[in-house]
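As structure tokens, the structure follows; a few thoughts come after it.
In what follows, chains are A, B, ... by sequence order, proteins preceding strands, each numbered from 1.
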2 protein chains.
Amino acid sequence: MTDTGLPVGGSPLQQRLAAAAVELFYRQGAIATSVRQITEACGLTPGALYNHFESKDELLYTVVRDIHLRLESVLTAAVGAVAGDPVAELSAIVRVYVARHSDHRETARVANREFPLLTGAHYDEVVAIRRRLRDTVVDVLLAGQKKQVFDLVGGDDRTAAVLTALPILDMCVHISEWFHEHRPLSHAELEARYVGLALRMAGARTH
Amino acid sequence: MTDTGLPVGGSPLQQRLAAAAVELFYRQGAIATSVRQITEACGLTPGALYNHFESKDELLYTVVRDIHLRLESVLTAAVGAVAGDPVAELSAIVRVYVARHSDHRETARVANREFPLLTGAHYDEVVAIRRRLRDTVVDVLLAGQKKQVFDLVGGDDRTAAVLTALPILDMCVHISEWFHEHRPLSHAELEARYVGLALRMAGARTH
DNA sequence: CGCGTGAATGAACGCTTATTTACCCATGAT
DNA sequence: ATCATGGGTAAATAAGCGTTCATTCACGCG
């Protein structure tokens, strides 16, 4: 199963347009990318886009939402596979995030940088997904704290868990900002190191 | 000494224009902000901007560069004040970063989000500052590793130090993305928790 | 064969953009 | 008193934007 991290729904041409849009959004941002550029990348003229998407905004929404949903689906699968063991759950979360933000950093970066451009219900929907993603980590940390396998900085309340979850996610998400293929580091090794960092941040008991 | 984190050089009107630009760039991004909006915020018409800046691009460059230089100056002062003690140096770095990215998060966010828009020599100059900022952290980690007060994840080479410095900076920098005043947390407490996290990540010996 | 349909086209729309230009007016110096 | 100048304005410019429109083209079905 090859997983490019790109949106998968819709007709073949919708997929090609979405892929071209992601590529361009990644390189120059969504605002600076014109409908002309997107369609030209598919060998079409501007008007053709409107046979497949309602507007440029709806294309952006589709792309950003699908990337988020895809991450969520991969994440819940990975966490579910080791349910009940907070250390394993946190490790799985970090591995998924690192993989997606180094391997598919174009899509990841587009989703994270451009989602604030969405408006109204579209924005709310994506923000809700992001909150669910964050809460997944918070819940794992709280469960680990309760089982005394974690020792969070700043106490054992929810605030402490949030203020540990956010930095963990921040450091993983922003791999996509600096990761370049020429770095002499395999993805597996990067995952291992970040898992180590996250476990330290959570105060995981070393045994 | 009130420090807004805003650019300070230039004539009074240049400062007002720069401050208005930062405010607008923060809320809607530099590309989506028009010269009209910037000058209107100062009670002027668009053409007036060109009496004080060569172009919109040069205004962006000035703003972004000055914010970076200001952070660098504050940072080197804070590190220099505790030179020789890696734990204190790392703590000072994190405190400066947390303070600037929660207290002055408008300027911080503008600098971090918009700097890729710069081109040519302007871009190179800002990237050079950012590299110096990063290397400051790397050097502190390496010094601490050598003195055996740190125990880095992944060994004691420079790669291990870089791969610890980047996550530490990432988590600090991106406070500006989620920090809102209504969070029930004082800046001092946020600093303390982030210092705790960073020391854990560096494997600081607890004594 | 002829028709319906989905999809692409090229041209135009109305609007906004950054920037330039010509002009005007106050201030301060000679 | 005169003049230069810095800094403002309104207006013009050229380009680009997202989007719409009438038209055409190619294809599958009765």
So if I take residues 27-39 of chain A and measure heavy-atom distances to DNA chain D, which residues fall below 4.0 Å?
A/Thr33, A/Ser34, A/Val35, A/Arg36
Neighbours of DNA chain D within residues 52-59 of chain A, by heavy-atom distance under 4.0 Å:
A/Ser55, A/Lys56
Compare every heavy atom of B/Phe150 with every heavy atom of B/Ala202, then report the nearest pair and how far apart it is.
O-CB, 3.5 Å
Minimum heavy-atom separation for B/Leu141 and B/Ala165, please, with both atom names.
CD1-N, 3.6 Å
What is the separation between atom [atom1] on [X] and atom [atom2] on [N], rounded to the nearest whole Å?
X        : N      : atom1 : atom2 : value
B/Asn51  : C/dT20 : CG    : P     : 12 Å
A/Tyr50  : C/dG10 : OH    : C1'   : 15 Å
A/Leu44  : D/dC25 : CG    : P     : 18 Å
B/Leu24  : C/dA18 : CG    : C1'   : 16 Å
B/Leu117 : C/dA18 : CG    : C1'   : 15 Å

Parallel, tilted or perpendicular: which one describes the rings of B/Tyr123 and B/Phe115, with boundaries at 30° and 60°?
parallel
Name the orientation class of the two ring planes belonging to A/His187 and A/Phe179 (parallel below 30°, tilted from 30 to 60°, perpendicular beyond 60°).
perpendicular
Qualifying residue, where the test is side-chain hydrogen bond (donor to acceptor under 3.5 Å, both in side chains) with A/Tyr61 and the options are A/Glu114, A/Lys56, A/Glu125, A/Glu54:
A/Glu125
If you look at every strand shown and take non-hydrogen atoms under 4.0 Å, does A/Leu49 touch a base, only sugar-phosphate, or nothing?
nothing
Could you check B/Pro46 against A/Thr45 and say which one's nearest nucleotide on DNA chain C is further toward the 5' end?
A/Thr45
With the side chain defined as heavy atoms from C-beta on, B/Leu13 is closest, among C/dA8, D/dG18, D/dG8, to D/dG8
